[in-house]
Amino acid sequence: MRLRFYLIDVSYEVEGNVPVIMLWGLDEDEEPILIKDPSFRPYFYAVLSEDADTERVARGIKALSKPKSPIIDVSLAERKYYGRPVNALKVVTTIPESVREYREEVSRLDGVREVLEADVRFSMRYILDRGATPCSWYEADVESTSPTGFRVRSAYVLKGDLRRLEEARPPKLRVLAFDIEVYSPLGSLRPENNPVIIIAVANDRGEVKVLVKEDGGSDASLIDEFVRYVNEYDPDVIVGYNSNMFDWQYLMQRSHVLRTRLDVGRVRGGVPRQSAYGHVSIPGRLHVDLYNFAEEIPEVKVKSLDEVADYLGVMRKSERVLIPWHEIPKYWDSRELRETLIKYARDDAVSTLLLAKEFLPFAIQLSSLTGLPLDQVGVASVGYRLEWYLMREAVKYGELIPNRVERPYEPYKGAIVLEPIKGVHEDVVVLDFTSMYPNLMIKYNVSPDTLVRGDCDESRCYFVEDLNYRFLRDPPGFYKNVLTTLLRLRGEIRALMRRLDPESPEYRVLDERQRALKILANASYGYMGWVGARWYFKEGAESITALGRRTISRAIELARVLGLRVIYGDTDSLFVSYSRDSIEKFINLVNEELGLEIKVDKVYRRVFFTEAKKRYVGLTGDGRIDIVGFEAVRGDWTDIAKEVQEGVAKIILTTKNVGEAVNYVRRVVEDLKSNAVDVEKLVIWKTLTKRIDEYEVDAPHVMAARRLEKLGVKLDVGSKVGYVVTKGSGSISSRAHPYMTVKPHEIDTDYYVNHQVIPAALRILSYFGVTEKQLESPRGKSLADYLGKK
DNA sequence: GCAATCCACGTACCG
DNA sequence: ACCGGTACGTGGATTGCG
């Protein structure tokens, strides 16, 4: 029979000695189904040296075959490697594990230059070879089989090929959000002792439930109840917030202690597994940790669930219950407070579900483009996402996939950043090259397979003068092909969108898809210069920055010829003083001479620079203030300092009234000194970028982190440490304490005046002649001094 | 012997 | 676990002075 279905995940099981691919999906009624494909076999390639005797090597490989897990087939494969045809033998084995076994032995054989694609995991191999990209619709010939052992409506065996359908809209996936609370009076969470007390769940059909451990009872029944709930609701997607690192880890360990089974998958008896890359996978369902997507919102500095939900507007902090984690035991133990704790857990589950609505549409598009299953696309870094896309493209072009190899880091020169003309400028236009690096990669055909090592004249090659690299003009290289496709697809989608109602669901789907395409294209240069990349290409990366420098330098010359005053520029952008005609001319001239598009990105009524690069404040046409680079947009400065700096910037740019700005700062300083500022606004947040014992110096956040650990808090690389500076003598580090352990009167307000508020304010005000002294002195005094000054 | 100065470390930003 | 360029606070070593 013919079956249409939406593929959500691909896994495999070894039945007897046969690997069986499991295609998890939804049918047209949006019911869960499973399709088995027992026909696929693992394999890898052996690339032969040019003079090797193919037959002889093939025989040699066959001779390695062991009866237990034999080599089934060795055949010649027509493949290219970095654009060149090579002699490659495809070595097919029985079960996935034997790939690992044979790769070493084969690579040691005489005549074998390299073993390739042996590090591609079996289900990903299937996705690549069969074009079985998750989060897409397919049609296939299938035969019914028994669904016994699986929580699906029907099961099938695949007969023949998968045909991918055009339909981009996903079915209505069943989504379940959950959140757990653990009781741990001592701070440290120990699964041997500390019970799970609450599991809150919220599903996309509007049901919200808070499961609570019974007093005097074991949390085993709570966990069982949760398992029952999951299987009853039967979600396609389970979402959590930090659930990879916390909720599932804890549930898994606690279940082990309690000897209960976390049987939440669509394989009966299948339990969550810690898979590669720190992700927890659930058989037959997609577990998506939304924290991974929150990490990609740079505007939110401390990425707790409530902050992210507040930022995205799905649940305001002011409209929900908030409980600091260290007070959970207190709330649980008190009869009156427990209700609040339950409400808190409920709000967490609901915000998690709402975040899923925000993030999943994008994740789905990314999954269908890269081929990474939805539950892996979030944990995959930008580099890996692009890499999977490249791998799919390589298979399409018959290109062999390079191995992942460890290489030493090799630095190279980057972009140009201009020295800004400091001061306030009126009417400034910001121009930038559209997707400069990807377009340079296309324009100069920069790719590992087009680099010419020997002679090449200008008719056949592009030259990168400063570096003495040359790239073939033709044929298009791997990167050029891939980027052209990415940009073309994006263009087509944007054209489609113009004909749609921006409020329609179709529009949203396409918008997420074009965003995903843009992100992949923009990652290509960085990927090329990443030593961990399969298609690492340092010569290419440094060629692109060199070409970028050449391009922006020439654009500056052209601007100056036209009489445009260049105020600042960074990499692919230029800030020039406004002049309607000249800017239009400039845009055309750049287009003609450089063959790249430059366009107006922003127009500032006023923009202010200090002598520092990468920092400016702009006033837009509609009266908004853009702050770039300054403390006000940094996550490692206190809220009070950021607030003051933003206030100062606003006053200066809108009114130019220095006296007013000074008075404003003085008011805040007074408030600080009289303890009228919220402690929350005094917390400094910093990320741990390595294990605590690896730090060479006792930086304040490291000391605070050590103090937190003493309280039993577990800290990982990437954890944010929030600390305040207390009164006393000695270094700042010696006085940096976790904020929740400090009482308001212990805080060193002088530190906040002298090291936070005043420096942040002065960063802007010192340009107007304001000094530290003037900000410290009491309000009103000596104001006249600088009122007359500017 | 001590304050001033310098420099490495560390973090987070820009494009 | 995408790149290089950049600013800047802090701790700790070094320098400069007497």
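The structure displayed is predicted, hence computed values, not measured ones. Protein chains get the first letters and strands the later ones, always in sequence-line order, with residue 1 at the start of each.
Closest-nucleotide positions on DNA chain C for Val417(A) and Gly526(A) were compared, and the one nearer the 5' end corresponds to Gly526(A).
Nucleic acid contact class of Thr545(A) (heavy atoms, under 4.0 Å, all strands): none. Trp637(A) comes within 4.0 angstrom of the backbone, heavy atoms only, and of no base. Contacts of Gly532(A) with the nucleic acid, taken as non-hydrogen atoms under 4.0 Å apart, are absent. Residue Arg549(A) is classed as having no contact, given no heavy-atom separation below 4.0 Å to the nucleic acid. In this structure, Ala523(A) reaches the bases: a heavy-atom distance under 4.0 Å links it to at least one base atom across the strands shown. Phe433(A) comes within contact range of no nucleotide atom at all, as no heavy-atom separation falls under 4.0 Å. Nucleic acid contact for Phe609(A): none, since no nucleic acid atom lies under 4.0 Å from a heavy atom of the residue. Residue contacts shown for Gly414(A) are limited to sugar-phosphate atoms, with no base heavy atom under 4.0 Å away.
Atom pair Glu406(A):CD and dA1(C):P shows a separation of 14 Å (rounding to whole Å applied). Atom NE2 in His755(A) sits roughly 12 Å away from atom C1' in dG11(C) (whole-Å rounding). For the pair Lys613(A) NZ and dT6(C) P, the computed distance is 4 Å after rounding to whole Å. Rounding to whole angstrom units, CD of residue Glu539(A) and P of dC3(C) are separated by 16 Å. If you measure from atom CZ of Phe537(A) to atom C1' of dC2(C), you get 16 Å, rounded to the nearest angstrom. One atom, CD1 of Ile684(A), and another, P of dC8(C), lie 17 Å apart when rounded to the nearest Å. Regarding Arg534(A), its CZ atom lies at a distance of 14 Å from the P atom of dC2(C), rounded to whole Å. Separating the CG atom of Leu547(A) from the C1' atom of dG4(C) is a distance of 16 Å, rounded to the nearest angstrom.
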* Structure fact -> Per-nt protein contacts along nucleotides 3-14 of chain B (heavy atom under 4.0 Å; B base, S backbone sugar-phosphate only, - none) come out as ------SSBBSB
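Under a cutoff of 6.0 Å and an axis angle of 45°, Arg615(A) and Phe609(A) do not form a cation-pi pair. Taking the ring centre of Tyr695(A) as origin, the terminal cationic atom of Lys690(A) falls inside the region bounded by 6.0 Å and 45° from the ring axis.
An OP1 or OP2 oxygen of dC8(C) is reached within less than 4.0 angstrom by a side-chain nitrogen or oxygen of Arg763(A). OP1 or OP2 of dG15(B) has not a single side-chain nitrogen or oxygen of Ser573(A) nearer than 4.0 Å.
Close placement of the Trp685(A) and Tyr739(A) rings is indicated, their centers lying within 6.0 Å of each other.
Comparing dC2(C), dC3(C), dG11(C) by their nearest atom to the side chain of Tyr412(A) picks out dC3(C).
Under the 4.0 Å criterion applied to side-chain N and carboxylate O atoms, Glu542(A) and Lys413(A) are not assigned as salt-bridge partners. Glu709(A) has no carboxylate O lying under 4.0 Å from a charged side-chain N of Arg706(A), or vice versa, which leaves the two without a salt bridge. Using a 4.0 Å cut-off between charged side-chain N and carboxylate O, Lys642(A) and Glu646(A) make no salt bridge.
Tyr616(A) is not listed as a side-chain neighbour of Phe608(A), based on a closest heavy-atom distance of 4.5 Å or more.
Judged by distance alone, the side chain of Tyr568(A) and the main-chain N or O of Lys614(A) form a donor-acceptor pair under 3.5 Å.
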